[in-house]
Number of protein chains: 2
Amino acid sequence: MGIVRKTKSVEALLNEFQNNSGAISAIELIKRFNSQFNKTTVYRVLDKLEDDGILHSFLDIKGIKWYAKCNGCSANGHLDTHPHFQCMDCGNVDCLPVEVHIPKISNREVFSSQILLQGICNRCIGSS
Amino acid sequence: MGIVRKTKSVEALLNEFQNNSGAISAIELIKRFNSQFNKTTVYRVLDKLEDDGILHSFLDIKGIKWYAKCNGCSANGHLDTHPHFQCMDCGNVDCLPVEVHIPKISNREVFSSQILLQGICNRCIGSS
DNA sequence: AATTTATTACAACTTAGTTGCAATAACAAA
DNA sequence: TTTGTTATTGCAACTAAGTTGTAATAAATT
Ligand SMILES: [Mn+2]
Ligand SMILES: [Mn+2]
Ligand SMILES: [Zn+2]
Ligand SMILES: [Zn+2]
């Protein structure tokens, strides 16, 4: 089940993603709202926002969970699949609005793909 | 540092990958060798085999660590990067010997990519 | 056989996330 | 506005995967 009541934690988390174009890790959100909400609440609200097709989640190279805004998804399903990029320098993570073509894989039926790219972001290239 | 001494745990783990074409999770290996080696030993030996370019590792959709044989890698570096496939039915994981082309990403320098595909493997398609 | 030191087992720890449950607060109905 | 229903929350306890420190052990060299 998704969000039913517009509680303070829901509004605060939605607002946080409104003011942020990139992805945010669950851990970072727990830190940010440390004084206002319990970590369990943060995890549970994020989970519901994902159910509703408002946020999507993925794991980074360390297995840490990140969330980012969806685009054109709903409770019926997450449609906008795309790769994610993590800067090895600053650690920031972004959604990449590009298509990656997956070739036909023999002997298997592929339903979804998780793609995580690593490298250096523009801001970190400058500050060498 | 990689492997220096051919100990029993090193031989047992190497042997396990010899007899297995797919990937094996660290957790599964710890279970298999539960009566013979401590889990710390398993983790440390796997780590060294990866340093030596004999095995490579990656995380699955749950953030669990998997290992598989390398092909043409060495202590100087892991060269054979490729996608991995996890069957949503049986949970088996394989290395996919295919090239996935990553398009140029603007404003970022991409160094590496982790690609995890999910779907149904051949054996599981049959048993519907 | 003696020596050196890489490797191991063990226990304790860390980190990220989950679960059960009583107290609280949305929000609809009266 | 007050009341009643129940979704949501905070808290504490727990789980799972992996890491760390260290004394004992066992490869491999002399
Ligand atoms: Mn995204
Ligand atoms: Mn592989
Ligand atoms: Zn950066
Ligand atoms: Zn299968």
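Here is how names work: the chains are called A, B, and so on, in the same order as the sequence lines, proteins then strands, and each is numbered from 1. Bear in mind the structure is a predicted one, so any value in this text is a computation, not a measurement.
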With sugar-phosphate meaning primed atoms plus P, OP1 and OP2, does A:Ile27 contact a base, only sugar-phosphate, or nothing at under 4.0 Å between heavy atoms? sugar-phosphate
C:dA26 phosphate, OP1 or OP2, under 4.0 Å from A:Thr7 side-chain N/O: no
Taken to the nearest 0.5 Å, the spacing of B:Asn34 CG from B:Lys39 NZ works out to 11.0 Å
State whether the number of non-hydrogen atoms from other residues, nucleotides or ligands found under 6.0 Å of A:Asn20 atom CG is greater than 12. yes
Does a side-chain N or O of B:Thr40 approach OP1 or OP2 of D:dG18 to a distance below 4.0 Å, or not? no
Grab the NZ-C1' distance between B:Lys62 and D:dA16 for me, whole Å please. 12 Å
Length of the CD-C1' vector between B:Gln36 and C:dT7, whole Å: 16 Å
Calculate the interatomic distance between A:Asp47 atom CG and D:dA7 atom P; express it in whole Å. 16 Å
To the nearest 0.5 Å, what is the distance between CG (A:Leu55) and SG (A:Cys73)? 10.0 Å
So what does A:Lys39 hit on the nucleic acid, given a heavy-atom distance under 4.0 Å: a base, only sugar-phosphate, or nothing? base
Phosphate OP1/OP2 of C:dT7 contacted by B:Lys48 side-chain N/O (<4.0 Å): yes
Taking NZ from A:Lys31 and C1' from C:dT15, how many angstroms apart are they, rounded to a whole number? 12 Å
How do A:Trp66 and B:Gly2 order along DNA chain C: which one's closest nucleotide is nearer the 5' end? B:Gly2
Side chain of A:Arg5 only, please: which of D:dG10, C:dT18, C:dA25 is the nearest? C:dA25
For DNA chain D, whose closest nucleotide is more 5', that of A:Thr41 or that of B:Lys8? A:Thr41
Mark yes or no for a side-chain to base donor-acceptor pair under 3.5 Å between A:Arg44 and D:dG10, with no hydrogen or angle criteria applied. yes
Roughly, in whole Å, what's the span from CG in B:Asp60 to P in D:dA17? 10 Å
Only residue of A:Lys31, A:Arg32, A:Lys69 satisfying salt bridge (Lys or Arg N to Asp or Glu O under 4.0 Å) with A:Glu16 is A:Arg32
Atom CG of A:Asn38 to atom C1' of C:dT24: distance rounded to whole Å? 14 Å
Both B:Lys6 and B:Leu59 contact DNA chain D. Which one's nearest nucleotide lies toward the 5' end? B:Leu59
Whole-Å gap separating P (D:dT9) and CD1 (A:Ile30): 14 Å
Nearest-Å distance for atom pair CG/P, residues B:Leu13 and C:dT7: 13 Å
Tell me, yes or no, whether the heavy-atom count around B:Asn71 atom CG, taken from other residues, nucleotides or ligands under 6.0 Å, exceeds 12. no
